[in-house]
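Just below is one structure, and these are the notes that go with it.
For ligands, and for the atoms within them, numbers begin at 1 and follow the listed sequence.
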Amino acid sequence: MDATFQADVIIVGTGLAGLTAAMEITNAGKKVLLLDQETEENIGGQAFWSFGGLFLINSPQQRRMGIKDSYELALQDWKGTAGFDREEDYWSRQWAQAYLKFAAYEKYNYVSKLGIKLMFMVGWAERGDGLATGHGNSVPRFHVKAGKYIAAL
Ligand SMILES: Cc1cc2nc3c(=O)[nH]c(=O)nc-3n(C[C@H](O)[C@H](O)[C@H](O)COP(=O)(O)OP(=O)(O)OC[C@H]3O[C@@H](n4cnc5c(N)ncnc54)[C@H](O)[C@@H]3O)c2cc1C
């Protein structure tokens with residue numbers, strides 16, 4: 001490749017993580033160079049194949065369906081699967097807590113501001129044994145984007 005490109009930030013990986021970071025950085029007025037091992041047709045990484053369900057905690061959709069959810073319950077569910085009982089689990093635990101806080105307190109507004117509307121119904125994903133003390137989600141947390149034929153709340 002002969003072209004030269006001056007960037008403030010180089011992101012390796014054009015999956016959702018890389019694309020979201022690129023959106024945030026360009027919105028802040030910086031130039032981003034995105035690199036990926038795959039071709040341009042594969043932009044989006046795993047998200048290309050993904051169903052696109054959004055994990056949210058205590059959303060308006062859940063409340064409307066009478067689902068009682070909270071950060072604490074979601075953390076208990078996550079620990080029920082992950083364990084986090086070893087010293088080397090420290091950073092995994094920190095990451096889980098940060099992500100769950102985002103999903104409980106910020107994510108709904110974050111996607112709403114992007115103009116994304118969510119379907120009125122919430123489904124199950126990674127249901128596990130369905131118990132708050134066991135593995136998997138103990139309540140439905142799987143939100144789907146509304147569209148032309150899928151009504152928003
Ligand atoms: C079938 C399927 C269904 C799913 N359904 C859902 C769902 O409903 N809801 C949900 O929340 N999640 C779902 N997921 C998971 C979700 O899609 C992924 O967690 C998410 O897309 C991961 O994004 P990422 O950017 O972290 O990683 P990736 O999408 O894996 O992106 C990483 C990118 O980095 C590139 N890369 C890696 N190494 C290098 C390198 N050395 N040099 C250059 N480039 C490199 C890869 O080519 C890739 O493009 C699903 C996943 C699959 C496969």
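Judged by distance alone, the side chain of T26 and the main-chain N or O of M23 form a donor-acceptor pair under 3.5 Å. Distance alone, capped at 3.5 Å, places no donor-acceptor pair between the R141 side chain and the W124 backbone. Using modelled atom types, no side-chain atom of N137 and backbone atom of R127 make a donor-acceptor pair closer than 3.5 Å. Between the S50 side chain and the Q46 main chain, no donor and acceptor come within less than 3.5 Å of each other. In this structure, the side chain of D8 engages the main chain of K31 through a donor-acceptor pair within 3.5 Å. No donor-acceptor distance shorter than 3.5 angstrom exists from the side chain of D69 to the backbone of I57, with no hydrogens or angles considered. Although no hydrogens or angles enter the test, the distance criterion places no donor-acceptor pair under 3.5 Å between the side chain of Q76 and the main chain of E72.
The shortest N or O to N or O distance between N42 and ligand 1 is not below 3.5 Å. Note: an N/O pair closer than 3.5 Å links G52 and ligand 1 by distance alone. The distance criterion of under 3.5 Å between nitrogen or oxygen atoms is met by D36 with respect to ligand 1.
Annotation: atom 42 (N) of ligand 1 to nearest protein heavy atom, V12 CG1, 3.7 Å. Ranking protein heavy atoms by distance to atom 43 (C) of ligand 1, first place goes to Q37 N, 3.2 Å. Given atom 14 (N) of ligand 1, the protein heavy atom at minimum distance is S50 CB, 3.9 Å. Among all protein heavy atoms, the one lying closest to atom 26 (O) of ligand 1 is A17 CB, 3.8 Å. Regarding atom 21 (O) of ligand 1, its nearest protein heavy-atom neighbour is A47 N, 3.4 Å. Protein heavy atom closest to atom 31 (O) of ligand 1, with residue, atom name and distance, is G15 CA, 3.4 Å. For atom 11 (O) of ligand 1, the nearest protein heavy atom (residue, atom name, distance) is G53 O, 3.3 Å. In this structure, the protein non-hydrogen atom closest to atom 1 (C) of ligand 1 is W49 O, 3.6 Å.
Here the side chains of I116 and H143 are not in contact, with every heavy-atom distance at 4.5 Å or above.
Of the listed options L35, L16, V144, I43, L16 places a heavy atom closest to atom 23 (O) of ligand 1. Heavy-atom proximity to atom 22 (C) of ligand 1, evaluated over E126, Q46, H143, is greatest for Q46.
Using a 4.0 Å cut-off to heavy atoms of E38, the atoms of ligand 1 that qualify are 47 (O). Ligand-side atoms of ligand 1 in range of G45: 29 (O), 49 (O), range being under 4.0 angstrom from any heavy atom. Within the listing of ligand 1, atoms 33 (C), 34 (O), 35 (C) sit less than 4.0 angstrom from a heavy atom of G13. Residue-ligand proximity, F142 to ligand 1, at heavy-atom distances under 4.0 Å covers atoms 8 (O).
Using bins of under 30°, 30° to 60° and over 60° for the plane-to-plane angle, the ring pair F102/Y110 lands in the perpendicular bin. Between W95 and Y99, the two ring planes are parallel [angle under 30°; tilted spans 30° to 60°].
Protein heavy atoms are found inside the 4.0 Å sphere centred on atom 47 (O) of ligand 1.
For F84 and Y90, the gap between ring centers reaches or exceeds 6.0 Å.
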